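Structure first, then comments.
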Amino acid sequence: MAMVQILLQATHTDDLIMRITAELHKRGFEIRSFQYEREEDEIARVRIIAMGDEMRRGQILRQLNRLSDIEAAAMKAC
Amino acid sequence: MELTGSEIVLEVLAEEDVDTVFGYPGGNILSLYDALGQNQKGIRHILTAHEQGASHCADGYARAGGKVGVVIATSGPGVTNLMTGLATANADSVPMVAITGSVPLASAGTDSFQEIDTASLTLAVTKYSYYVRDVKKLAYTLRKAFQMARSGRPGPVLVDIPHDVQKATCEFEAEGKWETTPMDIPAEGPLSQAAQLINESQRPVFYCGGGVINSHTAAQVRALAEKCGAYVAFSMMGVSAMEADHPLCLGMTGMYGHMEAAKVIQEADVVFAVGVRFSDRGTGNREGFAPKAKIIHLDIDYAEQGKLLKPQVEITGDFRMAFDYLLENVKDQTHPDWDQEVARIKEAYSEKRKEGFCPRNIIEAVNAMTPGDTPVATDVGQHQMWVAKYYHFRKSGTLLTSGGFGTMGYGMGASIGAALSTGKRSILFTGDGSFCMNMQEVTTAVRYQIPVTVLVMDNGGLGMIRQLEDCFCDGRRFSTELGYKTDFARLAEAMGAKGFRVHNLEELKKAYQAAQQECGPVVIDCIISEKEFAYPMIPPNQTVEDRILG
């Protein structure tokens with residue numbers, strides 16, 4: 001298991017937080033910290049620190065990128 | 001023009017060329033049903049017996065007809081009843097739009113009658129779910145839902161509309177059907193590597209999944225396989241990706257598939273995996289899957305690349321463009337040594353035929369009396385595996401089955417939807433366990449005189465689970481014996497359908513031919529031995545060498 005930092009830029013929707021946290025939960029990642037900032041009306045920036053299977057790190061990034069509201073996703077090791 | 005939310009729904013359905021919707025009315029969808037009842041758009045509504053049945057009908061309608069299936073339900077239990085159908089469509093990438101009513105905005109969040117948070121409830125079983133608070137956003141949201149359902153990797157999208165939003169009015173401007181989002185263009189680098197690997201291969205195999213069916217590229221699969229001398233195996237969702245009687249076709253591989261297909265994959269030096277997600281049922285132990293092969297993976301979904309198995313070459317994007325490139329750059333080849341090796345494997349691993357009223361002979365008899373473009377649905381269980389193995393599919397996309405989610409009770413609705421979208425009599429192969437799950441939809445087929453022939457493989461129990469009990473529970477039986485106590489033929493007659501009970505192939509042929517003369521549904525209860533099983537079987541997480549012969 002490894003700790004990762006995930007950075008997202010997305011179009012804000014009412015249920016965006018729910019979608020992101022559900023995806024992390026589905027793929028077996030445990031959220032340690034979640035920061036959501038809404039910039040202007042439409043843009044959301046999200047910073048997540050999560051613990052998960054090292055082998056699935058690339059996979060969670062691809063799955064988050066698949067969510068239609070996510071515009072950019074990046075990951076850093078913590 | 002000024003329209004209500006409900007009228008806007010009908011306008012967008014008409015823009016999308018929707019001619020049939022499936023559903024069930026209720027308090028919080030009443031306004032939409034009222035508008036639907038008065039619609040002049042030619043939209044036909046099929047009232048089912050249960051919302052789950054409606055969702056499977058829409059799924060079957062979409063799979064067989066290549067259109068987006070539409071299902072409508074009310075709030076609360078209407079939505080929860082839809083869930084299994086949405087999950088089934090989501091697992092198998094079927095384009096659907098579900099429209100649900102919900103409590104008026106002022107009541108939302110108060111635990112009012114039939115209230116449920118539909119968007120969050122359905123998040124895990126849909127491609128996307130919308131909650132429309134403002135009637136001004138309804139047309140955009142619906143158009144977006146249809147576009148999303150059919151774009152990229154297809155899937156079900158849900159639009160939840162509060163009852164007061166259905167009744168509210170706003171200005172509506174007609175637009176044409178939104179274009180499907182263009183697919184990614186596959187990168188040339190991986191395509192070139194793939195062509196090189198296939199050209200260098202001496203033992204090539206294609207492993208095809210549902211992506212081939214969804215992208216309508218079965219003809220390209222066959223052309224490329226013939227060009228490079230590759231054998232073709234399927235996952236459950238890929239069955240019908242090549243004509244079953246083609247000399248290069250190996251049939252379904254995997255846990256309950258043709259053992260020779262699994263063995264040929266083990267011996268291959270290149271596996272070209274097309275629109276397949278390497279599900280555990282298909283691959284078994286992934287370390288033992290194609291251990292001698294370099295794997296090329298073509299998929300529409302970037303997130304499927306490397307999810308379960310790391311390929312040597314990843315190609316993401318439009319299948320047609322990928323095949324155009326490969327057909328141009330792959331050399332004409334034959335592999336006589338490989339052909340001999342495959343012939344030897346087939347000889348060693350093929351099943352021996354049985355005589356009498358056994359599943360294989362039943363399926364082959366029906367197959368021989370049925371045109372090749374007939375939609376064939378299954379439920380889930382042993383009969384599903386028998387059909388996938390023994391029915392000789394001749395046209396891509398004619399098998400409708402719940403491969404990913406494994407939904408017992410899927411087939412009755414799916415076969416109704418398929419008959420409506422193709423205008424042909426559809427077939428459902430089911431088991432006595434699966435049929436009991438949604439048999440009430442026979443009443444739907446009776447009401448509208450929808451031509452469906454249901455063949456119940458009646459072995460008096462839950463055969464698939466009995467088989468697992470034999471393999472993993474020392475044969476102890478619990479809750480798997482149903483005991484032939486229900487006469488499904490008489491039950492069908494009571495529901496207004498035609499019913500037959502058959503005990504041998506002669507009776508079956510007579511009943512099936514009689515069914516062809518009927519306008520509505522026919523149920524043929526085929527009494528088979530409880531000792532019929534889906535062997536040989538590869539146990540979970542093992543390989544073909546660990547197969548259980550039964």
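Every value quoted in this text rests on a predicted model; they were computed, and no experiment measured them. These values consider heavy atoms only, across backbone and side chains, with no hydrogens, waters or symmetry-generated copies. To find a chain, count down the sequence lines: A is the first, B the second, and so on, and within it residues start at 1.
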Using only the distance criterion (under 3.5 Å, no hydrogens considered), which donor-acceptor pairs connect chain A with chain B?
residue: D14(A); atom: OD2; partner: R133(B); partner atom: NH1; Å: 2.4
residue: R19(A); atom: NH2; partner: S129(B); partner atom: O; Å: 2.7
residue: R19(A); atom: NH2; partner: S129(B); partner atom: OG; Å: 3.4
residue: Q59(A); atom: NE2; partner: A303(B); partner atom: O; Å: 3.3
residue: R62(A); atom: NH1; partner: Y302(B); partner atom: O; Å: 3.1
residue: R62(A); atom: NH1; partner: Q305(B); partner atom: O; Å: 2.6
residue: R66(A); atom: NE; partner: D301(B); partner atom: OD1; Å: 3.2
residue: R66(A); atom: NE; partner: D301(B); partner atom: OD2; Å: 2.8
residue: R66(A); atom: NH2; partner: D301(B); partner atom: OD2; Å: 2.8
residue: D69(A); atom: OD1; partner: Y128(B); partner atom: OH; Å: 3.2
residue: D69(A); atom: OD2; partner: Y128(B); partner atom: OH; Å: 2.3

Requested in this report: Applying salt bridge (Lys or Arg N to Asp or Glu O under 4.0 Å), name anything that partners R47(A), two or more places apart in sequence or on another chain.
Outcome: none
Requested in this report: Step through the shown structure and confirm whether more than 12 heavy atoms of other residues, nucleotides or ligands are within 6.0 Å of CD1 on I185(B).
Outcome: no
